[in-house]
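One structure is given below, encoded as structure tokens.
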Amino acid sequence: MIRNPSLRDLPLGIQQKYIIVTSNYVARQHGVTKLMSVSDAKEKCPQLVLVNGEDLTCYREMSYKVTDLLMSHCPLVERLGFDENFVDVTELVESRLKETPLSALSFVGHIYNQETSAVSAKDYPRLAIGSHIAAELRDAVHTKLGLTGCAGIASNKLLAKLVSGAFKPNQQTTLLPECTVTLMHSLSGLRRVPGVGPRTAQRLQALGLHSVSDLQLFPLVDLVKEFGEAHAKRIQNLARGIDVSMVTPTGPPQSLSDEDSFKKMSTMAEVSQKIEELLASLIDRMHKDGRQPMTFRLTIRRLSTANKWFNRESRQCPIPSFLSQKIALGSSDVLTHLVTVAVKLFHKLVDTSEAFHLTLINVCFCNLQSRSVSRGSIASFFSHKPPQKPQSSSRHTGPPSPRQPISPTPTQSHGRRGGSDYSVEERTGASRSPKTSGLEEGAFPRLPPDVDPDVFKVLPQHIQEELLSNFQTERSGIPSVLTTDLEDQTGFSHIFPEPLKRASQSVRSEERGAVCREYDAGSSREDGNEFSVPQDPVGMRVEHDNSSKSVTSNSVSGADFPHNVDPCVFSQLPADMQRELLSEWRQQKPIFKMPSRPSGTGGASRDKKTKGPQTNNLLKYFKPS
DNA sequence: ATGGGTCCT
DNA sequence: AGGACCC
């Protein structure tokens, strides 16, 4: 729709192969649904206009533009697919809170299950501020990129995401902590809980669990028997509305892939041709990215009578370094060489002396390394301060673009290996200082002043809840996450880098143009971004350093609580109290996981998970031509 | 399903 | 290399 506004008021469907992956609201009014076959859709809506959405380029570009724009307002942005972003606005909220009188606070948009006019913003100062930030972000995305979408404002990612869909086209909703229970109970089944996929839902069903409350109340011990401790705790917490995961800045993609599916392919000639076609566009994308892929992977799907359902098989291999350099440099004869590599992998997958029938081929570059400048040594990495959050520098600075061997290209910060010295540091930001770890106060810092935390801890649950609920009405909530989403449209190009987010699949994207969400009805999609607000700054972010100690209490996987906290009680606590508890608890955990496996090149590089600090600008991505 | 992605085992 | 999850 963005590309062709004349489609805006017509029923529009985005087609990939023989299915409508998404559609605008006009088409939805005519009964077109999300993964409907083209034939069923045409039957329901003969006038349906179809746009092919198999090429995700436009959506990807727009998607990064959105992420980039959000990052320019607040650096902590985590992408989820092409059309959703989580933004941790805790720090922004805290700084605005310091400069605004309580009397000047208000809410913007909807409040889940309550009348906005009936809620006092003074009682939830952080969430109220979060609602304004979400509105500003949605407005920026709309005015600068032409996309509309929804946002959810809550104390964690799970909740922000779930509440963002409460009011559908192009609206935003804030979740007050006391409505968490209602929101979770409103879900029609366990599959609606993000993080519970088809497999987990099936296993839960086998245990006799169907609803969110079934999972909330199921004995953890028994759940652990089925799923293991970490997974069991995680999903049960999710059912209770608890999500301790951080908003992890996404940074540039970890892999780039290109694939095509078809009815059937049975000859080597067709296979090499398809591989060549896919590789040509992948190499082009890789070149624009500017990083060097160290690994290549080929994936296929066989036509299988039985098991049609996900049988994908893959083989991967290191990319000879002369080739990966050429890719980054944009050399023209790379294609042939890579086709050779791919065909060799293909033969490891398929015995071509026998008949074969493929249904899909995927080519992927992963283990992407930024060639930063100096290839310096690992020593230079250690000499810098710790990986701070680099942030940005590059972000706005133009496309880092590709190229140029020497330049200090920013690209990622983080791990950066190498680099001259400068780059790295920019840090900035905010200082999130480390606050030392430790103890600062007790575990329950925000109890009413007349309650001793040590006494509180040993009280029966119902008494604790009563104390807290009385106290809670006086405190504000803390927001935490927001998500925003946007819709569609696309356009492209741009300024710097990258793009946006939304469009989830191709589908969405194509729609683009039009619509957006004007008003209701229908549909398109929207989705959103979620902003979470609140958290304490300190809490979520852990970054820094080192570790302090290792774990104190249980540590275990991410899902547990400090030893004296019962999850059931915890879930009833006011959001800001939860946040502080989690913060403290997280500070005791080691921050970096270190290479569990010997990594390759410099260990310094990082470990993937360490992404935290890297903010990078992602976006740089395709250059502005 | 489609055409992408993520992280964990 | 595969599995699970997300869109």
Side-chain angles (χ1 to χ4, degrees), chain A residues 13-22 33-41 52-60 63-64 67 78-86 157-158 161 165 191 193-203 227-228 230-231 234-235 238 245 248 250-263 278 281-282 285 295 297-301 308-317 345 348-349 359-366 483 485-487 501-510 525-530 557-558 593 596-597 607-611:
Chain A
I14 300 306
Q15 180 179 191
Q16 280 176 346
K17 294 301 183 302
Y18 60 92
I19 58 177
I20 304 299
V21 293
T22 198
T33 64
K34 263 176 189 196
L35 287 159
M36 184 176 267
S37 71
V38 170
S39 55
D40 288 358
N52 188 89
E54 291 170 20
D55 183 344
L56 306 187
T57 305
C58 294
Y59 309 113
R60 185 158 38 224
S63 173
Y64 277 100
T67 299
E78 177 179 342
R79 295 164 54 82
L80 187 61
F82 282 4
D83 67 346
E84 290 179 32
N85 291 276
F86 289 100
K157 292 195 286 181
L158 201 229
K161 182 182 171 93
R191 257 256 59 193
V193 177
V196 175
R199 229 37 264 285
T200 301
Q202 216 175 53
R203 295 165 75 190
F227 299 96
H231 195 202
R234 217 181 49 250
I235 64 185
L238 291 175
S245 68
T248 307
T250 298
Q254 306 280 313
S255 64
L256 299 192
S257 66
D258 214 330
E259 71 186 47
D260 199 2
S261 61
F262 24 80
K263 307 235 95 146
L278 294 171
S281 88
L282 188 64
R285 279 212 274 147
T295 305
R297 174 165 52 221
L298 179 75
T299 302
I300 61 169
R301 184 178 61 198
K308 55 192 349 186
W309 243 230
F310 280 161
N311 52 36
R312 268 157 123 108
E313 301 163 58
S314 68
R315 288 299 179 266
Q316 65 183 239
C317 68
L345 288 178
K348 293 190 183 190
L349 284 159
T359 259
L360 171 145
I361 294 181
N362 173 293
V363 290
C364 178
F365 283 137
C366 52
T483 100
D485 123 279
L486 321 168
E487 254 241 72
K501 85 167 24 343
R502 157 177 222 307
S504 37
Q505 354 195 338
S506 37
V507 171
R508 287 161 163 240
S509 341
E510 291 287 312
R525 43 187 75 271
E526 15 187 319
D527 334 24
N529 303 290
E530 354 234 327
S557 66
K593 293 186 136 211
S596 34
R597 28 154 128 18
D607 198 328
K608 6 194 103 258
K609 296 198 118 293
T610 317
K611 346 172 108 169

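A, B, ... follow the sequence lines: proteins, then strands. Residue 1 opens every chain. Quick note: numbers below take in every heavy atom, side chains included, and nothing from hydrogens, waters or symmetry partners.
Set against dC7(B), dG4(B), dG3(B), the side chain of Lys17(A) has dG3(B) as its closest nucleotide. The Arg285(A) side chain lies nearest to dG5(B) when the options are dG5(B), dT2(B), dC5(C). With distances taken from any side-chain atom of Leu56(A) to the nucleotides dC7(C), dA1(B), dG3(B), the minimum falls on dG3(B). For Asp260(A), taking side-chain heavy atoms from C-beta onward, the closest of the listed nucleotides dT2(B), dG3(B), dT6(B) is dG3(B). Side-chain proximity of Leu256(A) to the nucleotides dC5(C), dG4(B), dG5(B) is greatest for dG5(B). Of the candidate nucleotides dC5(C), dG3(B), dA1(C), dA1(C) has the atom lying nearest to any side-chain atom of Ser314(A). The side chain of Glu84(A) sits closest to dC7(C) out of dC7(C), dT6(B), dA4(C).
Backbone-only engagement by Arg301(A) is indicated by non-hydrogen atom pairs under 4.0 Å involving sugar-phosphate atoms exclusively. Residue contacts shown for Ser255(A) are limited to sugar-phosphate atoms, with no base heavy atom under 4.0 Å away. No contact: Arg297(A) has no heavy atom under 4.0 Å from any strand. Here Asp258(A) lies in heavy-atom contact (under 4.0 Å) with sugar-phosphate atoms only.
In this structure, Arg60(A) reaches the dG4(B) phosphate: one of its side-chain N or O atoms is under 4.0 Å from OP1 or OP2. Here Ser37(A) does not reach the OP1 or OP2 of dA1(B): none of its side-chain N or O atoms lies under 4.0 Å away. Residue Lys161(A) places at least one side-chain N or O closer than 4.0 Å to OP1 or OP2 of dC7(C). Contact annotation: Thr200(A) side-chain N/O to dC5(C) OP1/OP2 distance is under 4.0 Å. At dT6(B), none of the side-chain N or O atoms of Thr250(A) fall inside 4.0 Å of OP1 or OP2 (strictly under the cut-off).
The distance from the SG atom of Cys364(A) to the CG atom of Leu282(A) is 7.5 Å, given to the nearest 0.5 Å.
Across the protein-nucleic acid pair, Leu158(A) atom CG and dC6(C) atom P stand 11 Å apart, rounded to whole Å. Rounded to an integer number of Å, the gap from CD1 of Ile235(A) to C1' of dA4(C) is 12 Å. Distance, Phe365(A) CZ to dG4(B) C1': 16 Å, rounded to whole Å. In this structure, Arg312(A) places its CZ atom 9 Å from P of dA1(B), rounding to the nearest Å. Residue Arg79(A) contributes atom CZ, which lies 11 Å from atom C1' of dT6(B) at whole-angstrom precision. The separation between Asn362(A) atom CG and dT6(B) atom C1' is 14 Å, rounded to whole Å. The CG atom of Leu238(A) sits 10 Å away from the P atom of dC6(C) (whole-angstrom rounding). Taking atom CG on Leu360(A) and atom P on dG4(B), their separation rounds to 10 Å, with Å as the unit.
Listed here is the closest heavy atom pair of Arg301(A) and Asn311(A): CG-OD1, 3.0 Å. Contact detail for Pro194(A) and Leu238(A): the closest heavy-atom pair is O-CD1, 3.5 Å. The shortest non-hydrogen separation linking Asp258(A) to Arg285(A) is N-NH2, 4.1 Å.
No side-chain N or O of Ser255(A) forms a donor-acceptor pair with one of Ser257(A) less than 3.5 Å apart. Arg79(A) and Thr250(A) are not linked by any side-chain donor-acceptor pair at a separation below 3.5 angstrom, with hydrogens and angles left out of the test.
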